[in-house]
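Heavy atoms only: backbone and side chains are in, while hydrogens, waters and symmetry mates are out. Numbers here are sequence positions counted from 1.
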Amino acid sequence: MKGLPAWLLRGWDRLTIYLPIVLAGALALGTYWLVRNAPKLTSDSAPVAPTHEADYFMRGFVVKRFLPNGDLRSELRGAEGRHFPDTDTLEVDQVRMRSISPSGLVTNATANRGLSNADASEVQLFGNAVVVREQAHDADGALVPRLEFRGDFLWVFADEERVSSTKPVTLTRDRDVFTAESMDYDKITGVANLKGRVRGLIQPPARQAGGAAR
């Protein structure tokens, strides 16, 4: 730059000193402008409700539920299980259920298929459903006879100690047999509400040793 005036040379030198700062500032402003004006790749949307599709599967499983003191309350077994997040239910193939009441009475249930709520306190049984409360003695020592329910559909409420059905059912208590088009049994009250066309076969009490009948 020979031949240029001294004042111009000094101005050029000062410009070259601040040029990187000026360029960096211009680059930052350009980047900010691009970010503000670039189209959004995704847009905010409302949460999607879960669909009735299984989110996990189990095979040869058992689910156990315990009381606060550690005693077993119920267990649910199956050949295969599918969990549905929208209803928080578990669909079970070849379901096997066992529950123990606070008084110690044991109830077993089986069916081709079952539908359980989240904690297995309510289980719907479909196809060859059988629920059996085994014979036992209650806390007072009184004999509690064997009780069996059979039907194409049975709904077990473990905590409430209830069994209900909206379809034909057969109820067997000891040696007595009843059939009905629907039913609701409450263990706490000891009442079986049979509805529709009801039929019953009441057998005489079995004779005890010595020939005495009770």
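In terms of hydrophobic clustering, with Ile, Leu, Val, Met, Phe, Trp and Tyr side chains grouped at heavy-atom distances under 4.5 Å, V169 and V177 are assigned to different clusters. If you chain together hydrophobic residues whose side chains sit under 4.5 Å apart, F178 and L154 fall into the same group. In terms of hydrophobic clustering, with Ile, Leu, Val, Met, Phe, Trp and Tyr side chains grouped at heavy-atom distances under 4.5 Å, L76 and V106 are assigned to different clusters. Using a 4.5 Å cut-off between side-chain heavy atoms of Ile, Leu, Val, Met, Phe, Trp and Tyr, with links allowed through other members, F126 and M183 fall into different hydrophobic clusters. Placement of F66 and V63 in two distinct hydrophobic clusters is found when ILVMFWY residues are connected by side-chain heavy-atom separations under 4.5 Å, directly or transitively.
A distance of 10.0 Å separates CG in L115 from CG in L125, rounded to the nearest 0.5 Å. In this structure, R199 CZ and L194 CG are separated by 14.0 Å, a value rounded to the nearest 0.5 Å. Annotation: the span from N193 atom CG to D184 atom CG amounts to 6.5 Å, rounded to 0.5 Å. In this structure, OG on S74 lies 7.5 Å from CG on D159, to the nearest 0.5 angstrom.
Smallest separation of non-hydrogen atoms from G114 and V95: N-CG1, 3.8 Å. For the residue pair A111 and A129, the shortest heavy atom distance occurs at CB-CA, 4.0 Å. Closest of all the heavy-atom pairs between R175 and P204 is NH1-O, 2.8 Å. When all heavy atoms are compared, the tightest approach of G81 to L90 is C-CD1, 4.1 Å.
Ring orientation note: the planes of F153 and W155 are nearly perpendicular, at an angle over 60° on the 30°/60° scale.
A donor-acceptor pair shorter than 3.5 Å cannot be found between the side chains of R173 and Y185.
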| Stepwise side chain to side chain contact (heavy atoms under 4.5 Å, CB included) test for L72 and R98 | CA-CA 10 Å; L72 179 65; R98 180 172 180 262; 3.7 Å; yes
| message | Please determine whether side chain to side chain contact (heavy atoms under 4.5 Å, CB included) holds for the pair H83 and D88, giving the CA-CA distance in whole Å, both sets of side-chain angles, and the decisive distance to 0.1 Å. | response | CA-CA 7 Å; H83 179 261; D88 196 16; 2.9 Å; yes
| said: Would L147 and K187 count as a side chain to side chain contact (heavy atoms under 4.5 Å, CB included) here? Give the steps. | reply: CA-CA 10 Å; L147 195 62; K187 162 61 178 63; over 6 Å; no
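Formation of a donor-acceptor pair under 3.5 Å by the D176 side chain with backbone atoms of Q203 is found in this model. A distance-only check finds a donor-acceptor pair linking the side chain of N117 to the backbone of E122 [under 3.5 Å]. At distances below 3.5 Å, at least one donor-acceptor pair connects side-chain atoms of R73 with backbone N or O atoms of I100. Not a single donor-acceptor pair under 3.5 Å links the side chain of R150 to the backbone N or O of T172. For R113 (side chain) and E91 (main-chain N/O), no donor-acceptor pair under 3.5 Å exists by modelled atom type. Side chain of R65 to backbone of D119: a donor-acceptor contact under 3.5 angstrom is found. Judged by distance alone, with hydrogens and angles left aside, the side-chain atoms of R133 form a donor-acceptor pair with the main-chain N or O of P145 at under 3.5 Å.
Side-chain atoms of I188 and E160, non-hydrogen and from C-beta on, never get closer than 4.5 Å to each other. Side-chain contact between M97 and E75: absent, with no pair of heavy atoms (C-beta onward) separated by less than 4.5 Å. No side-chain heavy atom of V156 sits under 4.5 Å from any side-chain heavy atom of F149.
Checked for salt-bridge contact, R82 and D93 meet the test: a charged N lies under 4.0 Å from a carboxylate O.
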